[in-house]
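The first residue in the sequence is number 1, and the count goes up from there.
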Amino acid sequence: MTAETYDAIVIGAGFAGLYAVHRLASAGRSVLGLEAAEEVGGTWYWNRYPGARCDVESVDYSYSFDDGLQNTWTWTERFAAQPEILAYLEHVADRFDLRRHYSFCTEVVGARFESSSSTWLVRTADGGQRRGRFLLCATGCLSAVNRPDIAGADDFDGEVYYTANWPHDEPDFRGKRVGVIGTGSSGIQVVPIIAERAESLVVFQRSPNYSVPMPNRPWTEEDVRRIRAEYPERRRKAAYAPAGTPHTSNATPLAETAPRERWDALTERWTQGGVLFSKTFPDQLTDLAANDVAREFAEAKIRDVVDDPRVAEDLIPTDHPIGTKRICTDTGYYETFNRPDTTLVNLRREPLTAITADAVHTSAASYGCDVLVFATGFDAMTGALARIDPVGPAGDRLADLWADGPLTFLGLMVPRLPNLFSLGGPGSPSVLANMVLHAEVQVDWVLDLIEFVAARGIVEVEPRRDAAGEWTDHVAAVADNTLFPRAQSSWYLGANIDGKKRVFMPYVGGFGVYREHCDRTAERGYPGMVFTTR
Ligand code: N01
């Protein structure tokens, strides 16, 4: 079967995929988008559990590329909830007429590069094949659902839900005994809402996480006017900022700040909410003594809120400096454990042994459940691409190329896989930055490279092994200079997936610094690349 050859195939219709399709189509390139879901949205299509909300302010967690879009879309809340973010992405798809480029309900299951035509042949679950010169994998950092292999889980007779693949019809928890497994960002967001709706709730916690209250509120008309007026400045500040938002750390390290002022600064950030707390002081994620001060501040907050001291201690992490695992953002999480109908089970004290038809069993007790909610996360950063497992022209599989951990150039390209781009992939700031501006930066860079090679009759482009090695070493070295690798159970390291190589995956050097690396590479004519012409 001969498939039509597109200039580019884009996998995914989330923030990165939609923008990639828009840029390619606007540049006059033929582009095909492939999306497993029936609609646009990516992460925000699948993760529709109650309480799902973004911890980056709505006005920053939105595209910056089009003033018309920016100035006509009105966010209703400081931190947008999943339905509003999904509605925004649907609006973007409408406004730029992007759906016509997509084939929905089309899951990519494989891709192979053919040297004879210098194209990617992409296989889909429906048995189809599509061909494209460039393959842009906007497959998401947090999209490959982790379904832990727990003994007896298949025997459970009740309802089973995954936060990462939540049904469109909202489950009815009334009168039911619900068990939630997992206490990462998703578990922490869904728990307070299920507690309100269910007859009773048991939260099965293997690792506690730090969580900062989300000080959400509706934007007023005055806020909207102010934000519109300030938008250019806001975006200018975000463009090369450490996290791709206008916010930065305080200038003075904690070590040089007087004790009274430290507490004031931490209080101020705590009140601002969200992930900003980790960035109060510039040394908070590099100096353990500084981190300890912030950690003790957060732990005191947990002890203040939770009535039962034993439960409070169980909710306090003991295995990582604060901020070295993704800090969570919640609405009433700790307060939920003061409810008489909510129980915390510390799986470190009483390990989960099995699931049976109507209960979850630990080494100490059995907990009857009518419903189980798995908030057990993702095979993050590499999982979605690994499940496609692209194969290069010499037969190299991604699985083998990354057997010792992801090897990338700028977190975007992989040696021996020409013309393939991994958007938001390992080796880029991705999950540590504002993913929307991150997507714009990477897609713009890819588009520039595509134009560069097209203008020179180049048909294949891939990074040299040594150039990718240098970038990957840099990613590791930067992480090693921080406290991040101390969080040994983190998904940043792949530690949540059995058998996954433990390598610190995101680039912690900062969004702005990363962007400078990308800029410089383009300005210098892409040193480190191998170009092939016909
Ligand atoms: O996933 P997670 P998530 N038995 O991996 C537990 C983003 N996000 O979906 O830590 C028992 O963090 C696991 O325990 P442990 C954000 O970047 C953002 O919550 O492996 N428990 C952990 O507690 C976030 O970091 C937002 O010991 C098991 C939990 O399941 C990322 O997505 C909202 C288990 C998984 O936590 C992922 O968050 C939501 C087992 N066999 C998500 N297996 C916001 O913007 C796993 N667990 C606010």
Side-chain angles (χ1 to χ4, degrees), residues 47-56 77-82 142 161-164 166 173 178-198 200-217 266-267 269-278 294-320 322-348 367 371-377 487 489-491:
N47 289 262
R48 51 181 72 218
Y49 59 86
R53 222 171 250 289
C54 185
D55 55 5
V56 178
E77 292 181 277
R78 187 170 164 220
F79 294 97
Q82 174 271 335
L142 296 163
Y161 302 105
Y162 283 82
T163 49
W166 198 257
F173 295 118
V178 181
V180 173
I181 300 177
T183 51
S185 298
S186 305
I188 281 177
Q189 286 188 325
V190 84
V191 154
I193 295 180
I194 295 182
E196 276 171 19
R197 297 181 185 171
S200 63
L201 171 64
V202 184
V203 179
F204 296 95
Q205 170 196 276
R206 190 164 67 181
S207 307
N209 271 298
Y210 291 102
S211 186
V212 180
M214 178 179 272
N216 195 26
R217 64 178 177 84
L266 289 165
T267 304
R269 290 287 177 139
W270 187 267
T271 315
Q272 285 174 357
V275 284
L276 293 177
F277 181 74
S278 312
R295 184 180 55 70
E296 283 160 18
F297 179 96
E299 291 174 359
K301 295 281 184 196
I302 300 173
R303 293 189 182 100
D304 274 355
V305 173
V306 179
D307 295 341
D308 182 334
R310 179 176 153 106
V311 175
E313 291 315 308
D314 279 351
L315 287 165
I316 293 175
T318 52
D319 63 354
H320 66 278
I322 189 165
T324 55
K325 281 174 96 172
R326 175 73 175 203
I327 211 159
C328 305
T329 314
D330 71 281
T331 306
Y333 178 65
Y334 295 113
E335 290 82 346
T336 303
F337 295 97
N338 296 335
R339 298 175 64 109
D341 53 9
T342 299
T343 307
L344 180 72
V345 175
N346 180 344
L347 297 178
R348 293 254 169 100
Y367 301 89
V371 181
L372 281 183
V373 173
F374 287 88
T376 43
S489 68
S490 169
W491 59 257

Legend entry - Nearest atoms (heavy-atom pairs only) where Ala487 meets Lys325: CB-CG, 3.7 Å
Legend entry - From Met214 atom CE to Thr329 atom OG1, the distance as rounded to the nearest 0.5 Å: 5.0 Å
Inset, instruction - Name all pairs fulfilling the salt bridge (charged side-chain N to carboxylate O under 4.0 Å, His left out) condition that reach into residues 327-347, sequence neighbours left out, sorted by first residue then second. - result: Arg339-Asp341
Inset, instruction - Would you indicate whether the side-chain heavy atoms of Val345 and Val203 approach each other to under 4.5 Å? - result: no
Legend entry - Val202 and Val180, any side-chain heavy atoms less than 4.5 Å apart: no
Inset, instruction - Please examine the side chains of Arg295 and Tyr210, heavy atoms only from C-beta on, and report whether any two atoms are closer than 4.5 Å. - result: yes
Legend entry - Distance, nearest 0.5 Å, that separates CD of Gln189 from OG of Ser211: 8.5 Å
Legend entry - OG on Ser185 to CG on Asp55, rounded to 0.5 Å: 6.5 Å
Inset, instruction - State whether the side chain of Asn209 and the backbone N or O of Ile327 hold a donor-acceptor pair below 3.5 Å, judged by distance alone. - result: no
Inset, instruction - Applying side chain to side chain contact (heavy atoms under 4.5 Å, CB included), name anything that partners Thr376, two or more places apart in sequence or on another chain. - result: Asn146, Pro148, Tyr162, Ile181, Phe374
Legend entry - Main-chain N/O of Gln82 paired with Arg53 side-chain donor or acceptor, under 3.5 Å: no
Legend entry - Interatomic spacing from CG in Leu142 to CH2 in Trp491 - rounded to 0.5 Å: 4.5 Å
Legend entry - For Thr271, all residues meeting side chain to side chain contact (heavy atoms under 4.5 Å, CB included), sequence neighbours excluded: Thr267
Legend entry - Under 3.5 Å side-chain donor-acceptor pair for Arg348 and Ser207: yes
Legend entry - With sequence neighbours excluded, residues passing side-chain hydrogen bond (donor to acceptor under 3.5 Å, both in side chains) with Trp270: none
Legend entry - side-chain hydrogen bond (donor to acceptor under 3.5 Å, both in side chains) against Tyr367, all qualifying residues, sequence neighbours excluded: Glu350
Legend entry - Residue pair Phe79 / Pro215, side-chain heavy-atom distance below 4.5 Å: yes
Legend entry - Ile316 CD1 to Lys301 NZ distance, which is reported to the nearest 0.5 Å: 13.5 Å
Inset, instruction - Mark yes or no for whether Asn338, through its side chain, and Val306, through its backbone, hold a donor-acceptor pair below 3.5 Å. - result: no
Inset, instruction - Name all residues meeting the side-chain hydrogen bond (donor to acceptor under 3.5 Å, both in side chains) criterion together with Tyr333; count only those two or more places apart in sequence or in a different chain, and write none if there are none. - result: none
Legend entry - Contacts of type side-chain hydrogen bond (donor to acceptor under 3.5 Å, both in side chains), residue Ser490, not counting sequence neighbours: none
Legend entry - side chain to side chain contact (heavy atoms under 4.5 Å, CB included) against Ala294, all qualifying residues, sequence neighbours excluded: Leu266, Phe277, Gln284, Ile322
Inset, instruction - List in chain and number order the residues that pass salt bridge (charged side-chain N to carboxylate O under 4.0 Å, His left out) with Arg48, two or more places apart in sequence or in another chain; answer none if no residue qualifies. - result: none
Legend entry - Qualifying residues under side chain to side chain contact (heavy atoms under 4.5 Å, CB included), relative to Ala198, sequence neighbours excluded: Phe173, Val178, Ile194
Inset, instruction - Output yes when a side-chain donor or acceptor of Thr336 lies under 3.5 Å from a complementary backbone atom of Gly332, and no otherwise. - result: yes
Legend entry - Heavy-atom pair with the smallest gap, counting every atom of Gly184 and Cys328: C-SG, 3.9 Å
Legend entry - Interatomic distance, Arg326 atom CZ to Ser278 atom OG [nearest 0.5 angstrom]: 8.5 Å
Inset, instruction - Output all residues satisfying salt bridge (charged side-chain N to carboxylate O under 4.0 Å, His left out) with Glu196, sequence neighbours left out; order by chain, then residue number. - result: none
Legend entry - Closest contact, heavy atoms only, Thr163 versus Tyr49: O-CD2, 3.3 Å
Inset, instruction - Please list all pairs passing the side-chain hydrogen bond (donor to acceptor under 3.5 Å, both in side chains) test where one or both residues lie in residues 308-318, with sequence neighbours left out. - result: Arg303-Glu313, Asp314-Asn346, Asp314-Arg349
